[in-house]
Amino acid sequence: MKGTEAPPVTGELRRGWRLLVASTAGMSVGSLHIHSLGAFMQPLQAEFGWPRSTIAGALTIVSIACVLLSAPTGIVVDRWGSRRIAIAGIITMCSGVAALSLAGPSIASWLMLWLIVALGVVMTNPTIWSAAITGVFDRHRGMALAIMLCGTALSSSTLPYLATTLIAREGWRLTYLILAGVWGAVALPLVLLFFFDRRGSPTPIVAELRAHAMPPEPGPAEAMRSATFIKLALAGLFLSMGLIGSSVHLIPILSDLGFARTTAAAIVSLAGPSAIVGRLGTGIMLDRIRTPLVAAVAVAVPILGFAILLSGALSMPAAIAATVLIGFGIGAELDTIAFLVARYFGLRHFGRLYGLIVALLGLASGVGPFLAGSAFDHYGSYRYWLLFAAPACAFASLMLATLGRYPAADVPAEAAR
């Protein structure tokens, strides 16, 4: 019947653009800590003498919080929605980043302040924003998720160079205050005004769009026992470990290869636009070509970037190429995992299932940078870390390539004809 047909892409995006803008801003805040840390690493080491592995090890606190709290957060999202968590998360996250300006000289102060950041990360993790998007977009869910997840790409494209420049002019303490203030001033009003999900929203947009959401699929216990879920979880774990571990250290990696810190930061900033291309391109392809092979190819792209970095002394074009390739993979990472969880397992328990995978992503995001820093501290080089990161992406690609077809109930009518 005409009244029950899913709206075209222009209709979905036209009616849901405010939700997308707010979610994108929220995602950007949720990645504020990780995309700025590389710029602070060398200044902190120079002032306090802290080893890089310990500085990056603060992300381990975040990963522990994600492991412990992401799945419960997903359950809360499934039952009561995302809005309240999102608002509190923006406030907590920006407060935590601002509080990092108080660190030192004891390393314990640095690590303790990251407890606030960790709580903020849990409350702004991708489950919060993805649950709202998947709940109101159907036929073009891949594109909607891609737009929303571009928030992390916006952070990765602006934070490395901005933070490095501000640190050089204002010092690292004031820089943390500035970053927290700017990101909070932009994101919090947008979330307050426009971020609603399909549970209890007073806005017509959600009521109109949620009528087109896919019916619920398997229960959480059945889903978690499936080979499909295990493969998705393993793919997310290894992919995030390799990509995030490398991206946090990318400024020091390029600096050690002979580039000035400001030049390295400018190069690393190119990962942001590349991530946007990877995210949007992958989202469009996932909507049009209904096979997980799209995701498998996308997450294999960074392998070429790691190979370039392993080649030794780099020219400027080679460094840019490596950064762009790694950025492309970072862009495809969360988009593909969130999309595939919704496609294979439906929406009723999306928060719980995706929350479990986000917990693993959080673990990897903490362990990866720590291992990369440890490799440098032990060997004086990032080479051995890169020799791990490339196979990690290859393994993730293999897991995605062997997922199999989407469930028949999830294939829209126009794709089945």
Side-chain angles (χ1 to χ4, degrees), residues 22-37 56-100 110-134 145 148-149 151-152 155 176 179-180 183-184 187-188 191-192 195 197 199 220 233 236-237 240-241 244-245 248 333-334 337-338 341 349-370:
S23 300
T24 301
M27 277 296 299
S28 182
V29 171
S31 60
L32 177 59
H33 67 300
I34 202 162
H35 292 301
S36 62
L37 182 57
L59 293 177
T60 304
I61 296 172
V62 176
S63 69
I64 292 172
C66 288
V67 169
L68 296 176
L69 299 177
S70 288
T73 301
I75 295 173
V76 172
V77 168
D78 286 336
R79 292 184 178 178
W80 293 293
S82 303
R83 177 173 165 79
R84 293 174 183 174
I85 299 175
I87 294 170
I90 296 291
I91 296 171
T92 304
M93 184 67 182
C94 292
S95 299
V97 171
L100 293 178
W110 169 254
L111 298 176
M112 290 294 291
L113 289 169
W114 274 84
L115 292 172
I116 306 173
V117 177
L119 182 59
V121 171
V122 171
M123 299 171 71
T124 56
N125 76 56
T127 305
I128 308 299
W129 320 105
S130 298
I133 295 298
T134 56
L145 282 169
M148 178 269 292
L149 290 165
T152 57
S155 290
Y176 264 132
L179 295 180
W183 259 251
L188 185 58
V191 171
L192 285 169
F195 183 74
D197 57 26
R199 287 176 171 79
L237 176 67
S240 185
M241 191 180 301
I244 300 302
V248 167
E333 175 198 11
L334 286 173
I337 299 297
V341 169
H349 304 290
F350 176 85
R352 180 179 301 186
L353 296 175
Y354 189 48
L356 285 172
I357 293 181
V358 167
L360 290 177
L361 297 181
L363 174 64
S365 297
V367 171
F370 175 76

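Any value given below was found using the heavy atoms of this structure, including those in side chains, with hydrogens, waters and symmetry copies removed.
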TODO: Please determine which of N125, T73, I90 meets the side chain to side chain contact (heavy atoms under 4.5 Å, CB included) test together with I85.
DONE: T73

Do [X] side-chain atoms and [Y] backbone N/O form a donor-acceptor pair below 3.5 Å?
X: T92; Y: G120; result: no
X: S31; Y: S28; result: yes
X: R352; Y: V77; result: no
X: T124; Y: G89; result: no

Open item on the list: For F195 and W129, take the angle between the two ring planes, folded into 0 to 90°, and tell me which bin it lands in: parallel under 30, tilted 30 to 60, perpendicular over 60.
Closed with: perpendicular

TODO: Please lay out, stage by stage, how W114 and T60 fare under the test side-chain contact (heavy atoms from CB on, under 4.5 Å).
DONE: CA-CA 10 Å; W114 274 84; T60 304; over 6 Å; no

Task: Side chain to side chain, F370 and L59, heavy atoms closer than 4.5 Å - done: no

Open item on the list: Is any side-chain heavy atom of V121 closer than 4.5 Å to one of C66?
Closed with: yes

Distance, nearest 0.5 Å, that separates [atom1] of [X] from [atom2] of [Y]:
X: L119; Y: L115; atom1: CG; atom2: CG; result: 9.5 Å
X: I61; Y: L111; atom1: CD1; atom2: CG; result: 4.5 Å
X: I116; Y: S95; atom1: CD1; atom2: OG; result: 8.0 Å
X: I75; Y: T127; atom1: CD1; atom2: OG1; result: 11.5 Å
X: S155; Y: I34; atom1: OG; atom2: CD1; result: 11.0 Å
X: L68; Y: L363; atom1: CG; atom2: CG; result: 10.0 Å

Identify the two heavy atoms, one from [X] and one from [Y], that lie closest to each other, and give their separation to 0.1 Å.
X: L113; Y: A99; answer: CD1-O, 3.1 Å
X: A132; Y: S82; answer: N-OG, 4.4 Å
X: V67; Y: A359; answer: CG2-O, 3.5 Å
X: M27; Y: T152; answer: CE-CG2, 3.3 Å
X: G30; Y: M93; answer: O-CE, 4.0 Å
X: A86; Y: I128; answer: CB-CG2, 3.8 Å

- [ ] Evaluate the side-chain contact (heavy atoms from CB on, under 4.5 Å) criterion for residues L360 and L356: first the C-alpha distance (whole Å), next the side-chain angles of each, then the deciding distance (0.1 Å), finally the verdict.
- [x] CA-CA 7 Å; L360 290 177; L356 285 172; over 6 Å; no

